[in-house]
A.B. asks: 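My questions all concern the structure below.
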Amino acid sequence: MNYPVWEVGFGSGLVMAIVSVVHVFVSHFAVGGGLFLVLTEHKAYRENDTGLLEWLKKHTRFFVLVTVVFGAVTGVGIWFTIGLIQPTATSNLIHIFVWGWAIEWVFFFLEITAALLYLYGWQKVERKLHLIYGWIYFITAFMSMVVINGMVSFMLTPGDWLQTHNFWDGFFNPTYWPSLFTRFLFSLALAGIYTLFTATLQKDKALRAKIVKWSLGWVIPAFILVALSAWWYRGAIPGDVWLYARGAMPTATLYLKLMIIFAVLTFVLAALAYLKAARLPFAFAVVITLTAFITMWSFEFVREAIRKPYVIYDYVYGNSLYVRPIPGDGGFNTENLQKKGMLQTAKWVQQREINEQNMEQVGKEIFRLQCMSCHTTEAYRGVKQYIETYQWDEAVIAEMLRGIELMREGVMPPFAGNDQERLALARYLANLTPQVKPLSLKDGEKLYASYCGVCHRSAADEPAVEFFKELEKEEAMEILDNLPDLMEQMPALELSPQQKQTLYEWLKNR
């Protein structure tokens, strides 16, 4: 909110996902692939296999092009993207771990230097020195992962850092070790998977079979161990985080299923490839790489989803607002904004006052500042489709915004602004859709899912359903108007008469 907003029509969150997952898929190969290179070179010398050695020289060029060139470009892309999409979180990560980043950049410089020396050192330096270059590359690449893992895992589980603000408490956070082991094991699997690209192009079937089997010998054991490590990782995540993930928007559950399915599929394909090593086609290498990529993509989406509504858990919300007041936050925390208002605090707004004439324009600005980090109007996570589907009008939207962090069971931050600003946002959102069309009985299910389904099942034996089925229409209408009187934890829903009647008739027919 204290930075300009980067508007991306199809969703800034989707841009971040694409750039980051592509880079992660390459950077993990850079770690595992480094160990693969040096151990394969040892193997070739030990077995006096000139064919394997000649192939390894060509594979080294492929490795450097992918990791050093493409990997470095996507790495810069990540910094560029997060700096635009999440400037507050980026600033916090840099300031909290400034020496950690400095150390990582030293390792990265040594890693790149060693990779180039290893590539151009073939037949130009003696065998022993060339192997030293290879070991230096792997060790520095691995240490780069060791350092970055501390900052990345911190975003999900900051642990005691929230109280102590101690560097080491944040770095060695609850998920540090399981995350490091999981990522390193996956990097070993990727070393073998990427190798299939150059291995399947070999004309010599005997050499192809040898390389493929050697490569898959990295993939198959690594995937077995990754499953155990991932279970360890799951156990280190706080229970309330998983509780949020299984709420009204279980994105994590969906991607967890995808991760399991494609991890098993990758493992099965690797086993089949091992049996057909001598005749393995290049297309097979592409397919198994895609299944591994989707596995990694799903893992990263699970990690992101269970962190919602935070970008740094329990410290900074996804919309760059601080969870609670802290020194130097500039007032950009929920508590302050609910008292003083957003328009009087935010730096990058055109409107400072609200009146009947500019309410919709103010609402649009508030949407940009508070909602656009996760939502668009009509594209990725578009809000318009929800408004159209559930037939929300301005009054209903305004009431929902009052307790939005409760209605979505912890996956959305609270609205940060005063009542006038909340009404302005409701006006803007309501005007995204045409005039609300008449409701039919079938819309009752949508209304129930929207307003009641967060807490209550829709089955006929659900106590809430049975309760309403026993009521007369007038009594039911009065209760729907005064839900907090029935139970104070329930929200006050401002349903239109048509919506109340449709919901009641649907419940009566359950």
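What you are looking at is a predicted structure, and each value in this text was computed from that prediction instead of being measured. When a residue number appears, it is its place in the shown sequence, counting from 1.
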A.B. asks: Apply salt bridge (charged side-chain N to carboxylate O under 4.0 Å, His left out) to Asp314 and list each qualifying residue two or more places apart in sequence or on a separate chain.
C.D. replies: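 Here the qualifying residues are Arg324.
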A.B. asks: Parallel, tilted or perpendicular: which fits the ring planes of Phe36 and Trp214, with parallel below 30° and perpendicular above 60°?
C.D. replies: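 Because their plane-to-plane angle lies in the 30° to 60° range, the rings of Phe36 and Trp214 count as tilted.
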A.B. asks: Do Tyr310 and Tyr313 have ring centres separated by under 6.0 Å?
C.D. replies: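 They qualify: ring centres under 6.0 Å apart.
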A.B. asks: Only counting residues at least two apart or in another chain, list the ones meeting salt bridge (charged side-chain N to carboxylate O under 4.0 Å, His left out) with Lys57.
C.D. replies: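 Partners of Lys57 under the salt bridge (charged side-chain N to carboxylate O under 4.0 Å, His left out) test: Glu54.
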A.B. asks: Can you give each donor-acceptor pair under 3.5 Å made by side-chain atoms of residues 127-135, sequence neighbours left out, with the distance rounded to 0.1 Å?
C.D. replies:
residue: His130; atom: ND1; partner: Glu41; partner atom: OE1; Å: 3.2
residue: His130; atom: ND1; partner: Glu41; partner atom: OE2; Å: 2.9
residue: His130; atom: NE2; partner: Tyr118; partner atom: O; Å: 2.8
residue: Trp135; atom: NE1; partner: His42; partner atom: NE2; Å: 3.3

A.B. asks: Which residue pairs pass the salt bridge (charged side-chain N to carboxylate O under 4.0 Å, His left out) test with at least one member in residues 185-208, sequence neighbours excluded?
C.D. replies: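 Every candidate salt bridge (charged side-chain N to carboxylate O under 4.0 Å, His left out) pair involving residues 185-208 fails, so no pair, neighbours aside, qualifies.
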A.B. asks: With sequence neighbours left out, what residues match Leu119 under side chain to side chain contact (heavy atoms under 4.5 Å, CB included)?
C.D. replies: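 Side chain to side chain contact (heavy atoms under 4.5 Å, CB included) check on Leu119 returns Thr60, Arg61, Val64.
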A.B. asks: So that I know where these two stand, are Phe171 and Phe154 an aromatic pair - ring centroids less than 6.0 Å apart?
C.D. replies: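 That pair fails the under 6.0 Å test.
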A.B. asks: Using side chain to side chain contact (heavy atoms under 4.5 Å, CB included) as the criterion, list what pairs up with Thr377, not counting sequence neighbours.
C.D. replies: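 In terms of side chain to side chain contact (heavy atoms under 4.5 Å, CB included), with neighbours along the sequence ignored, Thr377 is linked to Phe367, Tyr428, Leu432.
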A.B. asks: Using salt bridge (charged side-chain N to carboxylate O under 4.0 Å, His left out) as the criterion, list what pairs up with Lys43, not counting sequence neighbours.
C.D. replies: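 Counting only residues at least two positions away or on another chain, Lys43 forms a salt bridge (charged side-chain N to carboxylate O under 4.0 Å, His left out) with Glu47.
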A.B. asks: Quick one: which residue pairs count as a side chain to side chain donor-acceptor pair (under 3.5 Å) with a foot in residues 20-34, not counting sequence neighbours?
C.D. replies: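 Only His23-Thr74, His28-Arg183 qualify under side chain to side chain donor-acceptor pair (under 3.5 Å).
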A.B. asks: By ring-ring contact (aromatic ring centres under 6.0 Å, His included), which residues pair with Phe25, not counting sequence neighbours?
C.D. replies: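 If we apply the ring-ring contact (aromatic ring centres under 6.0 Å, His included) test to Phe25, skipping adjacent residues, the hits are Tyr194, Phe293.
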A.B. asks: Residues two or more places apart in sequence or in another chain: which of them pass side chain to side chain contact (heavy atoms under 4.5 Å, CB included) with Gln385?
C.D. replies: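 Gln385 satisfies side chain to side chain contact (heavy atoms under 4.5 Å, CB included) with no residue once adjacent residues are dropped.
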A.B. asks: Asp49: which residues meet the salt bridge (charged side-chain N to carboxylate O under 4.0 Å, His left out) condition with it, sequence neighbours left out?
C.D. replies: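 Expected list: Lys210.
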A.B. asks: For Trp297 together with Phe301, are the ring centres under 6.0 Å from each other?
C.D. replies: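 Ring centroids of Phe301 and Trp297 are less than 6.0 Å from each other.
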A.B. asks: Ring-plane angle category for Trp161 and His165, please: parallel below 30°, perpendicular beyond 60°, tilted otherwise.
C.D. replies: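 Trp161 vs His165 ring planes: parallel.
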A.B. asks: Taking side chain to side chain contact (heavy atoms under 4.5 Å, CB included) as the test, write out the residues that go with Pro325, two or more places apart.
C.D. replies: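 Asp329, Asn333, Glu335.
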